[in-house]
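This report refers to the structure that appears directly beneath it.
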Amino acid sequence: MFRKLHDPGPATVTVHIDGRPVRAEAGESVAAVLLRQPEGWNRTTPVSESRRAPYCMMGVCFECLVEVDGQGSVQSCLTPVRDGMSVTRQQGRRSLSA
Amino acid sequence: MSDHHTDLLIVGAGPAGMAAAVTARRHGLSVRVVDDQSAPGGQIWRAIETVAATPRLARLGEAYRAGVDRAAAFRACGALYEPQSQLWQIEPGFRAFLTRDGRARSVTAEAIILATGAQERPVPFPGWTLPGVLTVGAAQILLKTADSVPDKPVWIAGCGPLPLLYMTQLLAAGGRIAGFLDTTPRGRVGAALRHLPQGLGRFGDLVKGLSWSLALKRAGFPIIRHVAELRAEGDGRLESLHYRTQDGREGDVAAEVLLVHEGVVPNIHAPLALGCAVKWDAGQHCQVPALDRWGETSQANVFVAGDGAGIGGAEAAEPRGRLAALRVATKLGKLRDDAAEAAARPERATLSRALALRPFLDALYAPRPQVFAPADETLVCRCEEVTAGELRTRAAQGRPGPNQLKAFTRAGMGPCQGRQCGYTMAHIVAAVQNRPVEEVGFYRIRPPLKPVTLGELASLDEQEPAA
């Protein structure tokens with residue numbers, strides 16, 4: 001639903017979203033990258049399992065939660081991308097193993 | 001200064017926090033600044049250091065560009081700066097608990113300045129939880145930090161200076177606007193005008209606001225005035241939106257992204273958790289901490305500066321930060337009272353100039369009544385998915401306050417801890433029980449201020465003192 005206006009060039013890193021490699025720019029947030037993906041959502045809610053996407057981008061709404069490198073419920077708007085990072089859309093309740 | 005202890009702990013590295021740090025360092029205090037973000041600047045100057053080196057700086061405007069020097073001065077001031085650190089508890093004395101990179105630790109300080117800024121006022125309406133509905137502030141952060149704009153022409157709904165600024169920046173960046181649903185109610189200009197004389201000192205800002213409005217009119221997208229009701233619809237994502245104006249005109253339009261904004265409110269979770277007294281600000285429709293003329297709260301040595309002290313913008317945030325730092329320097333014996341008073345005089349003059357236009361803006365852009373009275377089907381608590389209808393039913397049974405309703409319904413119990421539903425809850429309780437909203441109050445805020453994992457807690461390298 002969003003698009004990037006410039007090509008990051010040498011600042012390009014690769015993150016894996018649900019296993020799929022995606023280009024990102026060093027320093028931008030995981031949430032910004034997620035909002036450029038065609039799926040347009042990053043988690044389903046624990047209560048009704050409805051889809052949610054980043055809403056505030058400043059750390060107060062907690063809608064942008066994802067799993068990052070195996071750690072669950074990470075605020076993707078506060079997390080800068082790293083090359084090789086693994087991001088997983090979060091489904092429903094967080095399990096004890098995540 | 002040990003690794004764990006500083007004279008002053010500043011929470012937040014926006015305009016107020018940075019200005020406070022620079023001033024405190026100048027008076028010889030050791031200073032630690034912790035901040036959620038990965039770089040200094042707060043929300044107004046997000047990513048300023050990165051963007052400064054690019055051609056994008058020019059199209060984000062003068063007010064944004066001003067952050068370049070501020071961030072540089074902050075970097076050079078000698079404060080211990082800890083980015084990407086979340087504060088989740090402050091104990092008296094003071095001991096603050098932080099999480100960074102999945103590890104928790106505690107630090108101590110003699111005084112605290114909370115410069116945690118503001119958040120956008122939650123705007124609940126049916127469908128506001130659908131992917132594709134974001135705040136205008138969120139879109140502006142995406143523009144500043146990721147040079148990203150909505151892929152298709154975007155709908156924007158709301159009122160206030162921020163939507164006008166963002167639309168101007170978006171057009172300059174090559175983005176496209178499908179339409180602006182202006183929610184300013186009819187008759188507001190007249191009500192605001194009586195505050196104009198005192199705001200005339202801010203003539204430049206008035207001209208800037210008018211020039212944005214004129215440029216947006218010329219851009220040719222539809223501007224629909226006096227929009228009172230919104231409804232977002234779609235299956236798992238925003239597909240269309242419905243609006244209704246005060247005089248009953250209705251419309252249905254296709255939409256992929258809808259950006260909403262109804263002003264900003266102070267972040268008061270940290271002062272509330274510390275037991276600082278707050279009061280209701282009828283002009284800004286929110287709680288603000290009760291502060292003395294230096295920004296000190298009802299708790300000694302705890303200060304609030306910046307928009308967290310009441311919405312005033314970056315130009316008010318900086319003098320507020322410096323005033324708080326001057327007072328901390330005095331209290332810690334680094335600055336004489338008369339020297340602090342002399343240094344405070346120009347800061348107070350700057351602050352009062354910066355706030356001169358605020359009553360006009362507050363009156364013009366006061367939230368429309370529907371913001372506080374969403375339709376029954378609206379999810380008020382986004383985290384726990386509690387509807388306005390359920391809260392209304394429960395609020396009528398006995399005379400529960402927000403904390404009882406939280407226990408009954410789980411509203412306010414999710415990870416955002418009431419940051420999105422607190423004010424809506426208060427207004428629903430007030431309306432159902434026919435009480436003034438200032439009497440209803442807010443949720444009781446308890447630690448942790450941000451969710452902490454058991455793993456992070458276990459990483460705290462601390463021993464309980466022997467009994």
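These figures come from a predicted structure and were not determined experimentally. In the text below, chain A, chain B and the rest are named by the order of the sequence lines, each starting its count at 1. All values below were derived from every heavy atom in this structure, side-chain atoms included, with hydrogens, water molecules and symmetry-related copies excluded.
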[X] atom [atom1]: more than 12 heavy-atom contacts under 6.0 Å:
| X | atom1 | answer |
| --- | --- | --- |
| A/Asp83 | CG | yes |
| A/Glu49 | CD | no |
| B/Arg100 | CZ | yes |
| A/Arg82 | CZ | no |

Looking at [options], which has the largest count of heavy-atom pairs under 4.5 Å with chain B?
| options | result |
| --- | --- |
| A/Ala24, A/Ala31, A/Pro80 | A/Pro80 |
| A/Ser29, A/Ala53, A/Gly27 | A/Ala53 |
| A/Val47, A/Val74, A/Thr45 | A/Val47 |
| A/Glu63, A/Glu25, A/Arg51, A/Arg52 | A/Arg52 |
| A/Gly40, A/Gly59, A/Ala32, A/Ser48 | A/Ser48 |

- prompt: Among all residues two or more places apart in sequence or in another chain, which pass the salt bridge (Lys or Arg N to Asp or Glu O under 4.0 Å) test with A/Arg36?
  reply: A/Glu28
For [X] and [Y], which heavy atoms make the closest approach, and how far apart are they?
| X | Y | result |
| --- | --- | --- |
| A/Tyr55 | B/Val123 | OH-N, 4.3 Å |
| B/Gln420 | A/Cys61 | NE2-CB, 3.7 Å |
| A/Met57 | B/Arg46 | O-NH1, 3.6 Å |

Part of [X] within contact of chain A (heavy atom distance under 4.5 Å):
| X | result |
| --- | --- |
| B/Arg56 | side chain |
| B/Val154 | neither |
| B/Gln84 | side chain |
| B/Val257 | side chain |
| B/Ala47 | neither |
| B/Thr129 | both |
| B/Leu449 | neither |

Top contributor to chain A interface from [options] [non-hydrogen pairs under 4.5 Å]:
| options | answer |
| --- | --- |
| B/Cys383, B/Gly174, B/Pro131 | B/Pro131 |
| B/Val149, B/Leu130, B/Thr145 | B/Val149 |
| B/Gln43, B/Gln37, B/Arg410 | B/Gln43 |

statement: Under a 4.5 Å heavy-atom criterion, the part of residues 1-14 of chain A in contact with chain B comprises A/Met1, A/Phe2, A/Arg3, A/Lys4, A/Leu5, A/His6
Side-chain atoms of residues 133-143 of chain B: list all donor-acceptor pairs with protein atoms under 3.5 Å, sequence neighbours left out, distances to 0.1 Å.
{"residue": "B/Thr135", "atom": "OG1", "partner": "B/Glu120", "partner atom": "OE1", "Å": "2.5"}
{"residue": "B/Thr135", "atom": "OG1", "partner": "B/Ala138", "partner atom": "N", "Å": "2.9"}
{"residue": "B/Gln140", "atom": "OE1", "partner": "B/Lys144", "partner atom": "NZ", "Å": "3.4"}
{"residue": "B/Gln140", "atom": "NE2", "partner": "B/Gln169", "partner atom": "OE1", "Å": "2.9"}

- prompt: Could you give the distance from CZ (B/Arg382) to SG (A/Cys56), rounded to the nearest 0.5 Å?
  reply: 9.0 Å
Interatomic spacing from CG in A/Leu35 to CG in B/Asp151 - rounded to 0.5 Å: 11.5 Å
message: Just to verify, what does B/Asp101 make a side chain to side chain contact (heavy atoms under 4.5 Å, CB included) with, not counting sequence neighbours?
response: none
Donor-acceptor under 3.5 Å (B/Gln119 side chain, A/Val60 main chain): no
- prompt: Going by heavy atoms in the side chains, are B/Glu385 and A/Ser50 under 4.5 Å from each other?
  reply: yes
